[in-house]
Each structure stands twice: as structure tokens, then as C-alpha cells.
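The structure under discussion appears below in the form of C-alpha cells.
We count ligands from 1, going down the list as the structure has it; atoms in each ligand are counted the same way.
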Amino acid sequence: MPDVVFPLDSTRSFTDQQIVGHNRWHPDIPAQVHVKPGDTFRLHCREWFDGAIVNDDSADDVRDAPLTTVHRLSGPIAVEGAEPGDLLIVDILDLGPIPQEMGPLAGQGWGYTGIFARANGGGFLTDRFPDAYKVIWDFHGHTATSRHVPHVAFTGIAHPGLMGTAPSAQLLERWNRREAALIATDPDRVPPLALPPEPDEAILATLEGDEFDRVAGEAARTAPPRENGGNQDIKNLTAGSRVFYPVFVDGANLSAGDLHFSQGDGEITFCGAIEMGGYLDLHVDLIKGGMETYGVAEHAIFMPGRTAPQYSEWLAFAGTSVTLDDEQRYLDPYLSYQRACLHAIDYLATFGYTPEQAYMILGAAPIEGRLSGVVDIPNACATVYLPTAIFDFPVTPSADGPHQIDPGTGVPRSSV
Ligand code: ZN
């Protein structure tokens, strides 16, 4: 087993640990771990709400989810010799849930998927699903099943939802400027257009006093993916992946977290992956000056791992850039993917699933989302592919009509 350079004790909160990580991006959050190019090491990662979501049959905890507290990140990790302009090579050697015997936290034999209430974060289909909802998934080796979504079992596609390098002061300033400009176009929107820096609940490793206050007032939230990688939620960053991150500060200051047992493309319910805590084994190296050599001005490039679940038959649904009110939009792939997902949800409902259960399947199972056409004016075409083998009943259309399943009981809703 590689050296655990960032340990977490499951019986304590994220801020009550031997090494305290962070939940904002800023160049002045001090590195907590020091490694060398060529090193292999293990991080423990806490699920993104640090235990606020529990294994029960109520969605009240998702309804009240403390969004200013996310994401708990393990790091920053300084890599000796890394300088701005380098590419940091990060190999994901292995990852998985924490051993079950260690306690009741998500990642210890179970994980969760949720729909955020429109008033607290919303999601991809928040117009249709404005209320909080929660599904608990149980892990059996690499397979996930749920008492809340019967007749489904699938092989997970485990990956870190969030990994990235620290921004430079200049890059952070650009983030804050452009995101503030977007928020200013509709500052009262629910859910908000973007999230400005939020000192409340900021965790900044070992910073204290005035320096803490200054950094907390400037530091970027971790929700969006940006030039440093960050919360990309790329389901294919499985074990065996190699990522090349741009380096913006001395040491690169790599951080990671938000482990997912599984997720469909798009992580569409926002809390759409199967969230878990766990371990993450990494190997790092450097390509000196690699950003210029390979034209990587911004954004990580990566080679996906080869351990994705093996599914060979798919049922696919298409969507185009036309609203539910039949208004034509111009080549809007976001709308097209929404329509494709809504088609899939309506289809699965004919078998007996509630729309919420169907939405959760799309968020959590290893479904494929594709941008199939973006040039055929006026309609962009997006498609969503469901692996048929995840259902224990025939799910393709036939002359006999949809096989009726028992959708189960105890489906949790928030008591709004
Ligand atoms: Zn996540």
C-alpha cells in the first residue's frame, strides 16, 4: 500500500484531523503535503458534505444540504520542482470506498445520490424536479444496488469528481471577474447563475487570522470546473487514467476529492453521482515547460483509464434544441441534452418507475451522453445511452408493451 500522505480519521470531522485540507481555491492556501516527481502516495478523501447526508429514508438532509461547505479537498500537495508553465502528470493508480468496518460515513459500504431542491442548488432538470429527493446505494464489490430503486444493478465507474492544481493570483482574479459579471446579469436568480467567494464556512488548511480573512474573501468556490481542472465530474477518470494538469504556482499545489462510486455523463441531478468517501492512490511526475511545448494554455488533458464497466447493448434517446413549449432555439446542446434525458425518464416511467427514480438512474448509472450533432441548423442533437443490462427486466420496446415492475416503497421525499 502506498504511504498515506493525507490521512482522515472517519470518527472525526474534516476540520478535526491531523492534516486539515481546504474547500476553496486560492494560490495562498499553504501546501500541507510535499512529494517529489516519481512518488506514489495515497490520499484519504471525505465525501463532499462531510457526513451531513445520512443513510436513511428521508430527503430532509439533501433539502437542507450545506452548500457553502463544499467540497472537502485533500491537499494542497506540493510537488518538488514544479513551476508555472510545467505540466503535472497525475496517474490515478487506484481508488475505492473506505473499508466498511470504519464507521457509518458515506463510502463505507454505501453512497448517495440526490436531487437538490430548486431553492438550494437546483439541478439540470430543476423545472420538472423542484423538490429534494435522496437515494441510498449499497456497494457489493464493484456493483451498486438500491432499496430505493429496485430492479436495477450496475457496475460502478469509480473516479474522483474533483482534482486540480491551484490557480495563480492572476488566474483567480480572472475567475472572480468573469463570474461576478455573469452573476450581475441576474443577481437574484434561483438557482444562482454562479457562486461568488463566500468566507462563511471556508476551510483554508492552516491559515489563520488576517491572512485567513483575506484569502477567504477572495478564494473561488469549488463548484465549477475551470482551467485548473477542478470539479470536472468526468466519469471516465477511472483507475488507470493519466491526467496532465497545467501548473500555475510553484509546487503545483494539487488537490483532490469528491469521489464518486459511479456517475452518468453530465452528473445531471447535480448531486447526481453516487457520492462517497474513500482512498485515492496517485503517482505524479512533471513535464518541464510542458504547457508551451504542448499548447496547453488552459485546461487539463487526459487519457481515460481502461477499467470502465463493460456494457455492449444500449437503448438511446435523442433530444433537440426545442423547448417543452415548442419554442425553437438555435443549436443549444444544453437544451438538447435536457430533452434527451426527459425522453429517457418518460420512457422508464412507463415500466412503473417514478420520474424521480428514473432521474436517479440517469444520474448514477454509467450512462453515456453524447453531443451527436451541432451543425444542423437550428437543432443541436444530443443523445443519452442507457445500458440495457442494468435492468433485471426487458427494457426495450416490444409489441407486448412495457413489463410492469414494482417500484418499491419507502421512497424518500423531503417534507417541504
Ligand atoms: Zn460529487
Side-chain angles (χ1 to χ4, degrees), residues 8 14 21-25 43-55 59 61-63 65-75 92 95-98 105-108 110-117 120-126 132-137 139 144 146 154 156-164 191 195 201 203 220-226 228-239 241 243 255-280 300 359-367 369:
L8 288 172
F14 185 75
H22 61 112
N23 65 355
R24 303 286 190 267
W25 291 116
L43 311 176
H44 290 162
C45 298
R46 189 56 56 82
E47 53 82 32
W48 68 318
F49 282 120
D50 192 23
I53 311 298
V54 298
N55 186 345
D61 49 8
V62 172
R63 179 196 64 197
L67 282 171
T68 54
T69 67
V70 299
H71 297 76
R72 271 45 169 220
L73 299 183
S74 303
I92 301 175
L95 77 155
I98 342 170
L105 288 178
Q108 286 152 4
W110 64 280
Y112 61 87
T113 302
I115 299 174
F116 284 140
N120 188 33
F124 187 57
L125 302 175
T126 199
Y133 192 83
K134 183 173 81 181
V135 162
I136 300 295
W137 300 93
F139 307 154
S146 172
F154 53 85
I157 182 165
H159 58 276
L162 201 162
M163 191 153 63
L195 304 169
E201 306 282 5
I203 302 167
R221 304 288 293 277
T222 56
R226 300 188 184 91
N228 65 331
N231 195 25
Q232 293 184 301
D233 290 317
I234 297 170
K235 78 180 196 315
N236 302 88
L237 289 186
T238 55
S241 296
V243 194
S255 299
D258 189 29
L259 302 188
H260 295 158
F261 187 84
S262 183
Q263 183 205 291
D265 278 331
E267 205 195 7
I268 61 172
T269 73
F270 186 9
C271 187
I274 302 181
E275 306 290 341
M276 67 170 185
Y279 68 92
L280 176 63
Y359 190 18
M360 291 305 199
I361 293 168
L362 298 186
I367 65 162

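- With a 4.5 Å cut-off on side-chain heavy atoms, Phe139 and Met276 count as touching.
- Within the coordination shell of the Zn ion (ligand 1), defined by N, O or S atoms under 2.8 Å, Glu275 is present.
- Not a single N/O/S atom of Cys271, whether from backbone or side chain, sits less than 2.8 Å from the Zn ion (ligand 1).
- A donor-acceptor contact shorter than 3.5 Å is absent between the side chain of Asp258 and the backbone of Val70.
- No side-chain donor-acceptor contact under 3.5 Å links Asp233 to the backbone of Glu267.
- In this structure, Leu95 and Leu259 have side chains that are in contact, with non-hydrogen atoms separated by less than 4.5 Å.
- When the N, O or S atoms of Asp258 are ranked by distance to the Zn ion (ligand 1), OD1 comes first.
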